[in-house]
Amino acid sequence: MNVMTEQTLTEPIDKRQELSRGFSPYQSILVALLALVQFTIIIDFMIMSPLGAIIMPALNISAAQFGVAVSAYAFSAGISGILAAGFADQFDRKRLLLFFYVGFTLGTALCAIAPNYHVLLLGRIVTGLFGGVIGSVVLAIVTDLFALQLRGRVMGFVQTAFAASQVLGIPAGLFLSNHWNWHVAFGALVGLSIAGMAAVLFLMKPVNGHLLLKQDKNAFRHLIATVAQPRYWMAFAVTTLLATGGYMLMPFGSAYTVHNLGIDIVHLPTIYLISGLLAFSSDR
């Protein structure tokens with residue numbers, strides 16, 4: 001049980017009702033900051049696939065090599081997520097967020113200046129190592145700082161970053177890549193990430209209330225105990241299959257559109273914009 005939950009349980013009923021009506025000014029700023037952080041993380045992961053039709057001929061790499069570059073982010077993110085489970089709760093969440101955000105930005109900058117495939121692959125690995133943990137840190141901040149009756153609303157706002165990445169981020173990245181080159185898309189993301197880091201640094205207060213709580217269970221033992229529960233296996237399997245099915249096709253969507261369907265590459269931003277709008281409207 002976190003600090004905010006304990007405070008909520010001990011607050012009078014009228015105070016809980018007041019909190020349920022909306023966010024305080026600081027909470028509103030915090031929700032915007034977390035949504036911005038999520039947007040930069042998601043667009044960095046999502047933009048690689050649409051850029052496939054541009055990156056593959058530019059670096060003279062095969063579809064298999066490009067698939068490795070796309071999946072390198074996911075593999076490194078999974079590894080770092082497991083490793084971070086052992087120490088993440090021992091630090092101020094704001095400092096932890098900034099640490100991983102800096103590493104993520106450096107990895108994205110490495111992608112922006114990558115002159116060849118190997119540097120790009122290294123950049124994707126570094127980006128995944130740091131960016132893959134940020135999502136969990138964001139959710140931890142939400143649970144620490146928002147009352148139970150507000151968390152669903154906060155997570156809903158923060159998760160709009162997924163829709164924004166499809167509707168705004170991907171078409172913008174493709175537009176920049178078509179008019180200049182694919183490096184510019186990552187460079188623009190670096191600039192946005194630096195702005196996000198500055199906002200977190202100066203506007204977010206320390207998030208260290210969880211440090212006052214006694215940790216009576218090892219994080220890795222808790223993880224093993226969770227995975228060992230047979231009733232969770234079906235949920236894990238369904239989630240894995242859903243993600244696997246989509247990402248088997250998504251990395252090569254732009255290349256298929258250009259080379260197989262014969263659609264000019266300059267029309268890719270429009271295609272992704274329309275598909276993003278339709279996906280957003282169908283999820284509402």
Side-chain angles (χ1 to χ4, degrees), residues 38-78 104 107-108 110-112 114 117 119-129 131-132 134-135 159 161-190 192-193 239-280 283:
Q38 282 286 81
F39 175 78
T40 56
I41 302 302
I42 295 167
I43 192 59
D44 178 88
F45 175 71
M46 297 288 291
I47 196 63
M48 270 291 289
S49 298
L51 290 178
I54 301 174
I55 291 178
M56 283 191 280
L59 296 181
N60 193 26
I61 61 176
S62 65
Q65 289 176 305
F66 182 73
V68 171
V70 173
S71 59
Y73 183 106
F75 283 117
S76 58
F104 162 81
T108 305
L110 195 59
C111 296
Y117 170 73
V119 177
L120 176 64
L121 181 60
L122 177 62
R124 298 313 297 164
I125 294 173
V126 173
T127 305
L129 285 173
I134 293 179
Q159 294 302 88
F162 283 94
S165 68
Q166 289 183 316
V167 176
L168 301 175
I170 292 178
L174 287 169
F175 178 83
L176 294 174
S177 300
N178 283 332
H179 284 73
W180 287 280
N181 58 63
W182 64 271
H183 299 276
V184 176
F186 285 104
L189 186 56
V190 170
L192 185 60
S193 299
T239 304
T240 301
L241 290 174
L242 285 174
T244 302
Y247 287 106
M248 285 177 66
L249 301 176
M250 192 184 73
F252 308 104
S254 63
Y256 175 81
T257 302
V258 173
H259 300 299
N260 293 68
L261 300 182
I263 298 176
D264 196 294
I265 199 169
V266 298
H267 297 308
L268 282 181
T270 304
I271 292 175
Y272 278 94
L273 175 62
I274 294 175
S275 62
L277 288 171
L278 291 175
F280 176 75
D283 290 338

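Annotation: side chain of T270 is not in contact with side chain of P171 (no heavy-atom distance under 4.5 Å). A heavy-atom distance below 4.5 Å is not found between the side chains of S177 and V184.
When all heavy atoms are compared, the tightest approach of S193 to F104 is OG-CE2, 3.5 Å. In terms of heavy-atom proximity, F175 sits nearest to P269 at N-CG, 3.8 Å. Here the shortest heavy-atom pairing between A72 and I125 reads CB-CG1, 3.9 Å. Residue G107 comes nearest to T127 through the heavy atom pair C-OG1, 3.0 Å, listed as atom of the first residue, atom of the second, then distance. Summarising the geometry of N178 relative to V266, their closest heavy-atom pair is ND2-CA, 3.7 Å, with the distance given to 0.1 Å. Between I41 and G131 the shortest heavy-atom distance is CG2-O, 3.7 Å.
Separating the CD atom in Q38 from the OG1 atom in T40 is a distance of 8.0 Å, to the nearest 0.5 Å. Once rounded to the nearest 0.5 Å, the distance linking CG of L174 with CD1 of I271 reads 9.5 Å. With values rounded to the nearest 0.5 angstrom, W182 atom CH2 is found 8.5 Å from L51 atom CG. The CD1 atom of I43 sits 5.0 Å away from atom CD1 of I170, with the distance rounded to the nearest 0.5 Å. Separation of atoms CD1 (I42) and CD1 (I134) is listed at 11.0 Å; rounding is to 0.5 Å.
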I'd like a table of donor-acceptor pairs (distance under 3.5 Å, sequence neighbours excluded) in which one partner is a side-chain atom from residues 61-68, with atom names and distances.
from : atom 1 : to  : atom 2 : distance (Å)
S62  : OG     : Q65 : N      : 3.3
Q65  : OE1    : S62 : N      : 3.0

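Shown here is D264, whose CG atom has more than 12 heavy atoms of other residues, nucleotides or ligands within 6.0 Å. Heavy-atom neighbours of F75 CZ from other residues, nucleotides or ligands within 6.0 Å: at or below the threshold of 12.
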- request: For side-chain contact (heavy atoms from CB on, under 4.5 Å), just list the numbers for F186 and L176, CA-CA rounded to whole Å, side-chain angles, deciding distance to a tenth of an Å, and then say yes or no.
  value: CA-CA 10 Å; F186 285 104; L176 294 174; over 6 Å; no

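Listed by first and then second residue, the salt bridge (Lys or Arg N to Asp or Glu O under 4.0 Å) pairs involving residues 40-50 are D44-R124 (not counting sequence neighbours).
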